[in-house]
Amino acid sequence: ENGTLVAAPERPLPPEMLVDIFLHCMASDELTDFLPSTRSPPFTLTWVCRSWRQLALSIPTLWTRICLGERGSDPANDLRLLDLWTERAGPTHGMDIKMCHEMKDSERPVFFDVMRGERYINGMKSLTDRLKSMKSRWRTLELHALDLYVLNPILSELVDGAPHLQKLSISTKYFDFFGSVHFIDLSSCPLLQDLRLLCPMLCPSANSATAFNMRNLEYRFCPLMKDCLTWLRICPNLETLNVRFFRAVSSSLPREQIKLVLPRLKHLSMSCFSEDSDPSPLLDLLVFPALNELSLDMNGLVDSRMNDTWSDQMHKLIERSDCPLRSLKLHGTPMTSSVLIRILKITPHLRNLSLSGSVVTDQVLTSLAINYNVERTHVPPDGGMSFSLCPLLESIELRDLDECSLDALVSVIFSRCRASRSSQHHIDLDSAMNPGYLNKISLMWCPHPTLLDHPCVRKCIDGGLEAINRAYHVTKPS
């Protein structure tokens, strides 16, 4: 009345409105938000009154997502909850299921041993057996356990096929790099688009058919470069690839001249956590014509004596891909400043640049700055500026700056900020030759703690630049 809808037993809300409200209560993209709890929906929706309970139980989609084990629950006890959700979701609706089962710290062995934790082993067997019986309803499956041993029944079931599975994630608590190798074959999962393998010793089957629908692959603790190459051949239409190498030798890679082209790959991230995990032989076999974001973090582990060879391969990769690269991150890579400048010259579309280590020198910073003296206070009407590198750059992140001077840092910051302000009214912002608008500079472990107090840099901050240096953060004024 008077614009207010009154909800009372004698004036109930329309069922269609209640359905929308109930579904809104369950709106989330994270399966972790669907822990069965007596204090959260959908349970609480069934306890308000008889009509609400009947309505909640008549909406299958309220019961199609469930997360088990996040609060240290026993796998055997969670079987009852899985059965309850499955029954209420109905026989035809797809299910999104997350299992995150470990053992209590007091019971957990240092290394996984199938002879210990008998209750855990038996509970996981009961849970995985029940999951197997409903594989035709898998839509999303996230599995986290102590060891791959307890997930073997699911891996075997994937060979026979999960026709509606779209997302699959497998991870383990124990990283048994020297244990038994487990193979995964996804040939019979035609709708699978997202795959996350967050454990070692889980390798692709050599007999896997091409997965044309696969779009996103995250492969951590990859033990062999050959396995990564196999996944790329199986998934030719990938759009996102995130790989972390650990003790991943490259000697098993084929010595072939034909490059593998991934025509849709836009985001590539590679990390290395051991000195014998140099990814350059793998990258030398690949072409990414659509690449937008490239991130390489080698943590300074690869032998610096490889500078010339590795740098040349990186330059060739970007050159032969001829890709519209907009974001470039190179951390701990064995690269010389001169080759980095060559790379930046062939990436004119860069918007975001992140660098670290000895490659960040005055030579690089001077090349990124505009070709006029920072002491000048007058900018000609036509802009009077010239970018030799990365004209569209908006964000710069620099780490471990041991090889650069304060003057070089001030020069690149002030010249680009001043250029962006002076060019806004003189140059078409949609033009490919328009100087980029530098709006953020991040400096981590910078040897110049007074950088943000420099008068030229203060002017940039007052003009809207977001600047970060070590522990303190200066934001744009409101």
Hey, are Glu397 and Ser354 close enough side-chain-wise for a donor-acceptor pair under 3.5 Å?
yes
If you measure from the Lys or Arg side-chain nitrogens to the Asp or Glu carboxylate oxygens, is any gap between Arg351 and Glu394 under 4.0 Å?
yes
If we ignore hydrogens and angles and just use 3.5 Å, is the side chain of Thr64 paired with the main-chain N or O of Pro60 as donor and acceptor?
no
Quick check against the 3.5 Å criterion: does His454 have a side-chain atom that pairs as donor or acceptor with the backbone of Cys456?
yes
Per side-chain contact (heavy atoms from CB on, under 4.5 Å), Phe288 is matched among Leu238, Leu265, Ile318 by Leu265
Any side-chain donor paired with an acceptor under 3.5 Å for Asp78 and His101?
yes
Just do the side chain to side chain contact (heavy atoms under 4.5 Å, CB included) check on Leu195 and Glu218 with the steps written out, would you?
CA-CA 6 Å; Leu195 178 62; Glu218 184 174 355; over 6 Å; no
Contacts of Ser156 meeting side-chain contact (heavy atoms from CB on, under 4.5 Å) (sequence neighbours excluded), chain-then-number -> none
Heavy atoms of Cys404 and Leu401 approach each other most closely as SG-CB, 3.5 Å
Side chain to side chain, Leu232 and Leu241, heavy atoms closer than 4.5 Å:
yes
To the nearest 0.5 angstrom, please state how far the CZ atom of Arg139 sits from the NE2 atom of His93.
8.5 Å
Do Ser136 and His164 have side-chain N/O donor and acceptor atoms under 3.5 Å apart?
no
What's the separation between atom CG in Leu393 and atom CG in Leu353, rounded to the nearest 0.5 Å?
5.5 Å
Can you tell me how far apart CD (Glu319) and NE2 (His315) are? Round to the nearest 0.5 Å.
5.0 Å
Let me confirm one number: the CZ-SG distance from Arg399 to Cys446, rounded to the nearest 0.5 Å.
13.5 Å
Short question: side chain of Asn213, backbone of Pro190 - any donor-acceptor pair under 3.5 Å?
yes
Do the non-hydrogen side-chain atoms of Met225 and Pro281 ever get within less than 4.5 Å of each other?
no
Roughly how far, to the nearest 0.5 Å, is the CG atom of Leu198 from the CZ atom of Phe221?
8.0 Å
Taking only residues two or more places apart in sequence or in another chain, which ones pass side-chain contact (heavy atoms from CB on, under 4.5 Å) with Asp194?
Lys167, Asn216
Do Phe212 and Pro236 have side chains that get closer than 4.5 Å, going by heavy atoms?
yes
Side chains of Leu186 and Leu165: closer than 4.5 Å at any heavy-atom pair?
no
Reference residue Asp362; test side chain to side chain donor-acceptor pair (under 3.5 Å); the match among Ser337, Ser367, Ser405, Ser411
Ser405
Are Arg264 and Glu239 ion-paired here, with the side-chain N under 4.0 Å from a carboxylate O?
no
Check step by step if side chain to side chain contact (heavy atoms under 4.5 Å, CB included) holds for Val364 and Thr361.
CA-CA 5 Å; Val364 171; Thr361 62; 3.7 Å; yes
With no hydrogens and no angle check, is any side-chain donor or acceptor of Trp138 less than 3.5 Å from a backbone partner on Gly94?
no
Does any non-hydrogen side-chain atom of Ser327 lie less than 4.5 Å from one of Leu294?
no
Search all heavy atoms of Leu389 against all heavy atoms of Lys345 and return the closest pair with its distance.
CD2-CG, 3.2 Å
What is the minimum heavy-atom distance between Ser205 and Ile234, and which atoms define it?
O-CD1, 4.2 Å
Minimum heavy-atom separation for Met270 and Phe245, please, with both atom names.
SD-CE1, 4.0 Å
Verify, without hydrogens or angle tests, whether Thr366 (side chain) and Gln363 (backbone) share a donor-acceptor contact under 3.5 angstrom.
no
Check side-chain contact (heavy atoms from CB on, under 4.5 Å) between Pro263 and all other residues, then give those that pass, not counting sequence neighbours.
Val261
Decide yes or no for Leu146 and Tyr120: does some side-chain heavy atom of the first lie under 4.5 Å from some side-chain heavy atom of the second?
yes
Assess the residue pair Leu148 and Asn152 against the criterion (side chain to side chain contact (heavy atoms under 4.5 Å, CB included)); give the C-alpha distance rounded to whole Å, side-chain angles, the decisive distance to 0.1 Å, and a yes or no.
CA-CA 6 Å; Leu148 282 174; Asn152 261 335; 5.6 Å; no
Side chains of Asn292 and His267: any donor to acceptor distance under 3.5 Å?
no
Where do Asn237 and Arg215 come nearest, in terms of heavy atoms and distance?
CB-NH1, 3.5 Å
Side chain to side chain contact (heavy atoms under 4.5 Å, CB included) for Trp231 and Leu217? Distances and angles first, verdict last.
CA-CA 9 Å; Trp231 277 118; Leu217 172 62; 3.8 Å; yes
Within this structure, what is the CG-SG distance for the pair Leu286 and Cys228, rounded to the nearest 0.5 Å?
7.5 Å
Any side-chain heavy-atom pair from Leu350 and Leu344 closer than 4.5 angstrom?
yes
Closest heavy-atom pair and its distance - Met335, Val359:
O-CG2, 3.7 Å
Heavy-atom side-chain contact between Leu330 and Asp297 under 4.5 Å:
no
